[in-house]
Number of protein chains: 2
Amino acid sequence: MPDGYTEEGAAAYFALMEVGELLKHHVEQQFRRDGGLSYVQFRVLAHLLDHDGRLRMTDLADGVVYSRAGLTYQASILEKEELITRRPSAEDERATIVELTNLGRERLAAIIPGHVALVAHELFGQLSESDIATMADVLTRVRTHLRTVPPRSIASRRKTRPK
Amino acid sequence: MPDGYTEEGAAAYFALMEVGELLKHHVEQQFRRDGGLSYVQFRVLAHLLDHDGRLRMTDLADGVVYSRAGLTYQASILEKEELITRRPSAEDERATIVELTNLGRERLAAIIPGHVALVAHELFGQLSESDIATMADVLTRVRTHLRTVPPRSIASRRKTRPK
DNA sequence: TATTGTTATACTCTATAACTATA
DNA sequence: TATAGTTATAGAGTATAACAATA
């Protein structure tokens, strides 16, 4: 058995996974209630907002960690609701530029305050500032480690089980 | 804005959610590879193992946090693979007792060592013992807080948005 | 040839509602 | 009446492979 496996480690792992799931469930409901968006859809819009409101499909797919086909599916829904637009890129005509519309920004604005309040209540509710600081530090390190894998949009290049 | 929202808090939240997702993705692949089970299916079997190998459907659904209908779907798959059995309860003939078979135990045994190794590597890899202790403490507290909601198997009783 | 994005398709998972049987 | 479980069904999300267009 590799070292690192302890009762406390197991407790941390189980709690981490369950907290992630429960929190996601709460957040999903809030997204749906306040903005009629699914979890993924919110993330797509939020990621656009974080990148000046425009990104290429592939970059957006990598950012939100989805396959390009999966993003095309979500993008067509969001486009139908006029929360984003899609148009060919001027520099590279293969590429599609996704752009957040004003309606998309409004939708985010309708969701974000409640989202912040929810997380503040559910997650930070009973935690001290030093707890939060430790969590941020520790989890950021783990995330960096976990990210050491190729993005999914080029997953077809992997060599495992080509079948 | 509610207090509790800080840059560090946001960092902790985003990292928490992403770590949960990435870790789940890695773990899912390992379950599939080493035992041909999905994430949920593993959890169903593992939850049974944690309860002397037998539980009623409803209790199993609550334990794994799924609707009864969803569990019936998974149970029929697991039963077909002979990893569990289902039979009516003797005390309450409405109830179904789910029982882990030897094959089910073997399947778990084929998965668990790799699972432990994976988590030890991916999650605990670069964390100190005190980091882990803090995580266990903090996240257990949050989990307790988040669990303050009725289990999903009786979700039909809620009074919000009866529609 | 490689890359971008879309389409077609199939599959997994989940939830709702209707139903049966038992308490 | 209420509870346990199943079934039917519908919907969301994801992945794979094949494809067209462009680099």
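These numbers come from a predicted model, not from an experiment.
- The ring pair (Phe, Tyr, Trp, His ring centres under 6.0 Å) contacts involving residues 89-116 of chain B comprise Tyr13(A)-His115(B), Phe31(B)-His115(B), Phe42(B)-His115(B), where partners must be two or more places apart or lie in separate chains.
- The distance between atom CD of Gln29(B) and atom P of dT14(D), rounded to the nearest whole Å, is 15 Å.
- One atom, CZ of Arg87(A), and another, C1' of dA21(D), lie 18 Å apart when rounded to the nearest Å.
- Ranked by how close their nearest DNA chain D nucleotide is to the 5' end, Asp92(A) and Gln74(A) are led by Gln74(A).
- Using a 4.0 Å heavy-atom criterion, one finds that Glu28(A) contacts no nucleic acid atom at all.
- Between Gln41(B) and dC13(C) there is a side-chain polar atom (N or O) within less than 4.0 angstrom of OP1 or OP2.
- Separating the CG atom of Leu78(A) from the C1' atom of dG5(C) is a distance of 16 Å, rounded to the nearest angstrom.
- Lys80(B) places its NZ atom 11 Å from the P atom of dT12(C), with the value rounded to the nearest Å.
- Note on Ser38(A): only backbone sugar-phosphate atoms sit closer than 4.0 angstrom, heavy atoms only; bases stay farther off.
- With rounding to whole Å, Arg43(B) atom CZ is found 14 Å from dT14(C) atom C1'.
- Every residue two or more places apart in sequence or in another chain that forms a salt bridge (Lys or Arg N to Asp or Glu O under 4.0 Å) with Arg86(B) is listed here: Glu79(B).
- One N or O on the side chain of Arg107(B) and one on the backbone of Gly35(B) form a donor-acceptor pair closer than 3.5 Å.
- Taking atom CD of residue Glu93(A) and atom P of nucleotide dG5(C), one finds them 13 Å apart after rounding to whole Å.
- When all heavy atoms are compared, the tightest approach of Arg32(B) to Ser38(B) is NH2-CB, 3.5 Å.
- Comparing dT14(D), dC13(C), dA15(C) by their closest approach to the side chain of Val40(B) singles out dC13(C).
- The overall bend of the helix from dT1(C)-dA23(D) to dA23(C)-dT1(D), read as the angle between its terminal helix axes built from five base pairs each, is 0° when rounded to 10 degrees.
- As rounded to whole Å, 16 Å separates atom P of dT14(C) from atom CZ of Arg32(A).
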Restricting to nitrogen or oxygen on both sides, can you table the protein-nucleotides 5-10 of chain D pairs closer than 3.5 Å?
from, atom 1, to, atom 2, distance (Å)
dG5(D), OP1, Met57(B), N, 3.1
dG5(D), OP1, Thr96(B), N, 2.8
dG5(D), OP1, Thr96(B), O, 3.2
dG5(D), OP2, Thr58(B), N, 2.6
dG5(D), OP2, Thr58(B), OG1, 2.2
dG5(D), O3', Thr96(B), OG1, 3.4
dT6(D), OP1, Arg86(B), NH1, 2.6
dT6(D), OP2, Thr72(B), OG1, 2.7

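- Nearest approach of Leu78(B) to Leu45(B), heavy atoms of both residues: CD1-CD2, 4.0 Å.
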Practice prompt. Dump the intermediate steps for side chain to side chain contact (heavy atoms under 4.5 Å, CB included) on His51(A) and Leu60(A), then the final yes or no.
Written response: CA-CA 10 Å; His51(A) 289 79; Leu60(A) 190 50; over 6 Å; no
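- Qualifying side-chain contact (heavy atoms from CB on, under 4.5 Å) partners for Glu106(A), counting only residues two or more places apart in sequence or in other chains: Leu103(A).
- Listed by first and then second residue, the side-chain hydrogen bond (donor to acceptor under 3.5 Å, both in side chains) pairs that reach into residues 127-139 of chain B are Arg141(A)-Asp131(B), Ser128(B)-Ser130(B), Ser128(B)-Asp131(B), Asp137(B)-Arg141(B), sequence neighbours excluded.
- One atom, CG of Leu55(A), and another, C1' of dG5(C), lie 15 Å apart when rounded to the nearest Å.
- Ion pair Asp52(B)/Arg54(B) not flagged as a salt bridge, since none of the NZ, NE, NH1 or NH2 atoms sits closer than 4.0 Å to an Asp/Glu carboxylate oxygen.
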